[in-house]
2 protein chains.
Amino acid sequence: MIGSPPICFNARTAIRPEPSPASGVERKTDMLRERQLSARIAPTPPVQIGRPVAADLIAVLAAVTSGDPRVLTIQDQRALPSGPFELAHRSMQSGLRAWVERQTRLPLGYVEQLYTFADKDRGGGEQRVISISYLGLTREQPASGEFEASWRSWYAYFPWEDHRVGPPPVIEDVLLPRLRAWAEDSFSARIAHDRWQRAASTFGFDRAWNEELVLQRYELLYEAGLIPEAERDDAGDAPRDPAAIDAVSGMGRAMILDHRRILATGIARLRAKIKYHPVVFELMPETFTLLQLQRCVEALAGRLVHKQNFRRLIEQQELVEETGETSQDTGGRPAKLFRFRREVLAERAIFGTKLPISRA
Amino acid sequence: MIGSPPICFNARTAIRPEPSPASGVERKTDMLRERQLSARIAPTPPVQIGRPVAADLIAVLAAVTSGDPRVLTIQDQRALPSGPFELAHRSMQSGLRAWVERQTRLPLGYVEQLYTFADKDRGGGEQRVISISYLGLTREQPASGEFEASWRSWYAYFPWEDHRVGPPPVIEDVLLPRLRAWAEDSFSARIAHDRWQRAASTFGFDRAWNEELVLQRYELLYEAGLIPEAERDDAGDAPRDPAAIDAVSGMGRAMILDHRRILATGIARLRAKIKYHPVVFELMPETFTLLQLQRCVEALAGRLVHKQNFRRLIEQQELVEETGETSQDTGGRPAKLFRFRREVLAERAIFGTKLPISRA
DNA sequence: CCGTGTAATGCTCGTTTGGAGTATAAGTGA
DNA sequence: TCACTTATACTCCAAACGAGCATTACACGG
């Protein structure tokens with residue numbers, strides 16, 4: 001990547017628009033700037049442009065339905081939706097948004113770039129593919145319907161990530177012993193120690209569980225050869241029968257290419273984000289009870305939250321306001337209905353919304 | 001929890017999690033995976049490959065020399081180094097690393113992807129360019145020498161970001177009045193209010209200064225038309241005379257295209273990162289005193305730190321170990337020399353290195 | 001040799017957060 | 001009516017944090 005050109009640094013002049021990596025939410029500003037920029041004249045282009053590559057977008061679209069965090073999948077739930085990068089749009093972000101909304105009729109409340117990958121030969125031959133992945137949040141009842149897409153709980157792909165009812169048995173029953181075996185199967189005691197160290201710290205064998213290490217855990221399992229995708233790659237030839245791959249007990253459902261890794265990246269990002277940015281509301285219906293909100297957060301974080309503290313936090317931050325109505329769904333004292341105070345998005349530049357996650 | 005944009009809370013430690021798609025530090029895992037993936041056979045390229053585009057990499061290379069945070073620039077300090085994306089390397093990250101090390105002879109201790117941009121019309125006609133930006137940290141005495149590259153304090157580009165000796169006068173003397181004028185120059189009182197609200201919160205007129213909002217501040221100034229680059233874009237034709245652009249007092253040195261924006265992204269990312277990940281050490285020499293370390297952090301954060309608390313934090317986290325030697329450079333009691341305990345990188349999967357930033 | 005300047009260090013304090021627990025109120029359904 | 005479920009109001013406590021005071025150690029200049 002990056003070429004060898006001795007001293008060259010391109011003197012390109014065209015200006016690059018693009019939505020803010022920070023705000024995620026596309027602002028008027030961005031649009032504005034983009035329009036202006038595209039009207040500009042590029043003064044001095046003469047730069048050797050890199051050789052052509054192909055680019056496409058991959059989306060991790062998340063929603064939470066009845067306490068279950070879901071992700072939109074295609075191809076028999078083995079792939080994330082993706083599409084070619086088109087020039088038609090002002091920015092990739094708006095392009096992604098338009099594309100998703102057209103395909104699924106779901107409004108995307110929030111879009112954020114995740115990561116850009118470059119694989120050698122994917123599409124064959126000389127051409128290289130660049131994949132730019134995005135995380136998008138949408139409301140409930142996805143009603144995707146249309147084509148071959150379907151929503152699926154992301155814990156189907158990462159069974160070890162759901163700690164809402166305590167640590168999943170699969171960790172101790174399957175992962176722990178296999179990771180230990182992997183660690184011990186090393187050339188040196190040093191490597192064995194390091195391996196075990198990593199396993200213990202990412203899975204919390206020796207400390208508290210950290211729900212944000214989704215990607216690290218996946219990568220560790222991959223490296224340890226416990227992930228079907230890894231075996232497939234190792235083989236160097238066609239993947240084994242999908243059914244067989246899925247059959248690898250306890251390791252979760254496999255996906256094509258590195259889609260599962262991208263999904264892990266998205267989950268990790270989202271779990272981190274909800275702690276300091278009020279994005280959860282993008283996943284909630286217009287009005288909701290505090291318990292519903294809490295359940296949503298718990299679904300994402302994969303762990304429980306202390307109810308009283310959760311409420312204290314939400315209230316003291318004035319994130320929501322009462323609608324005046326109440327809901328008496330789940331038998332029990334009726335709960336007040338709330339609505340997200342969108343004003344806070346403007347009020348505070350960036351702030352931390354915190355999540356009280358139980359230690360127990 | 002939750003949320004979307006702002007929720008306030010005290011400027012205490014606000015530890016911001018991070019969109020770290022991975023650890024940033026390239027691990028064996030990554031290499032491994034990439035090799036495997038490239039050997040893999042794509043089962044069903046579910047995706048039509050997009051039309052060819054050009055791609056290049058842009059680097060924000062940072063170092064801290066004698067209390068000054070520097071960035072590597074080219075073209076008379078008006079551009080960030082960049083180069084075409086080539087297929088020669090296993091990954092973009094390793095490509096970037098190799099390229100930089102070859103060009104500058106600087107070892108990159110840490111590399112992290114920042115953001116990927118896509119422009120319409122840049123290289124002319126049909127072809128579109130994708131720019132993938134990276135943040136790289138390197139040791140002191142950059143000794144770039146070689147070609148037209150030079151290190152430059154990043155506060156030359158963002159004069160309002162250095163609060164180490166208190167808020168820079170430029171904020172109250174220049175920015176505040178101009179932003180107020182911009183806010184008032186709106187169609188509606190509502191817009192005026194929103195504009196002022198944003199200005200006040202990002203620049204801390206009505207609350208504490210938040211050093212992480214580098215990008216938001218830059219974008220705000222851009223939107224307000226106070227940034228030379230914006231005028232240039234607005235003009236719709238060739239940029240004005242560079243000297244004239246730089247002359248815009250108080251607004252910092254301009255750069256080509258949106259390089260300054262990318263730099264802002266890098267600074268913001270770094271300021272956030274040092275609070276929960278021990279990356280500062282990548283900028284330090286092999287051995288150092290705690291005061292030097294503190295100065296480095298202060299240079300990056302653009303604000304002072306409480307010395308005693310800083311030490312307490314560093315020690316209790318066992319990030320460093322004594323070398324046994326002392327340094328008696330700056331007249332005063334000789335300071336013990338320390339060395340970073342690299343083991344911690346392996347010990348803890350991710351942990352928080354916290355920084356005690358003074359409120360005063 | 002003493003006084004002064006500059007840092008390094010050690011310790012204390014009071015406040016703020018954040019995790020947890022207890023108690024009580026207010027509905028539904030059997 | 002009771003049994004059950006959830007909403008809500010408070011209280012406690014300990015760790016984390018921001019700040020300040022006091023003391024120790026050197027270099028240097030008279």
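- When rounded to the nearest whole Å, the span between CG of Leu313(A) and P of dT8(D) equals 16 Å.
- Heavy atoms only, all atoms of each residue included: Arg139(A) and Met284(A) are closest at NH1-O, 2.5 Å.
- Applying the ring pair (Phe, Tyr, Trp, His ring centres under 6.0 Å) test to Phe340(B) and every residue at least two apart in sequence or in another chain returns Phe281(B).
- We find that CG of Leu304(B) is positioned 14 Å from C1' of dA19(D), with the value rounded to whole Å.
- Within the 4.0 angstrom heavy-atom criterion, base atoms lie near Lys307(B).
- For Arg312(A) and Phe338(A), each mapped to the nucleotide of DNA chain D holding its nearest heavy atom, the one lying further toward the 5' end belongs to Phe338(A).
- Residues meeting the side chain to side chain contact (heavy atoms under 4.5 Å, CB included) test with Asp194(B), sequence neighbours left out: Arg190(B).
- Rounding to whole angstrom units, CD of residue Gln316(B) and P of dC11(C) are separated by 15 Å.
- The interatomic distance linking His306(B) (NE2) with dC11(C) (C1') rounds to 11 Å, in whole Å.
- Under 4.0 angstrom from either OP1 or OP2 of dA8(C) there lies at least one side-chain N or O belonging to Arg311(B).
- Under the side chain to side chain contact (heavy atoms under 4.5 Å, CB included) criterion, Thr323(B) pairs with Thr287(B), Glu325(B), Leu337(B), Arg339(B), not counting sequence neighbours.
- Checking dA8(C), dC12(D), dG18(D) against the side-chain heavy atoms of Asn309(B) singles out dG18(D) as nearest.
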Please write out the pairs of protein N or O atoms and N or O atoms of nucleotides 24-28 of chain D separated by less than 3.5 Å, giving the distance to one decimal.
| from | atom 1 | to | atom 2 | distance (Å) |
| --- | --- | --- | --- | --- |
| dT24(D) | O2 | Arg333(B) | NH1 | 2.6 |
| dA25(D) | O4' | Arg333(B) | NE | 3.1 |

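- The distance from atom CG of Leu290(A) to atom P of dT5(D) is 20 Å, rounded to the nearest whole Å.
- The side chain of Gln308(B) lies closest to dC21(D), out of dG18(D), dC21(D), dC10(D).
- Taking atom CD of Gln294(B) as the reference point, atom C1' of dA8(C) lies 11 Å away to the nearest angstrom.
- Scored by the salt bridge (charged side-chain N to carboxylate O under 4.0 Å, His left out) test, Arg152(B) finds no partners at all (sequence neighbours excluded).
- Listed by chain and residue number, nothing satisfies the ring pair (Phe, Tyr, Trp, His ring centres under 6.0 Å) test with Phe338(B) (two or more places apart in sequence, or in another chain).
- Residue Phe310(B) contributes atom CZ, which lies 13 Å from atom P of dT9(C) at whole-angstrom precision.
- Checked against dC12(D), dA7(C), dA23(C), the side chain of Leu291(B) finds its nearest nucleotide in dA7(C).
- A ring pair (Phe, Tyr, Trp, His ring centres under 6.0 Å) with His163(B) is found for exactly one of Trp209(B), Tyr155(B), Phe203(B), namely Trp209(B).
- Rounded to whole Å, the distance from NZ on Lys336(B) to C1' on dA7(C) is 13 Å.
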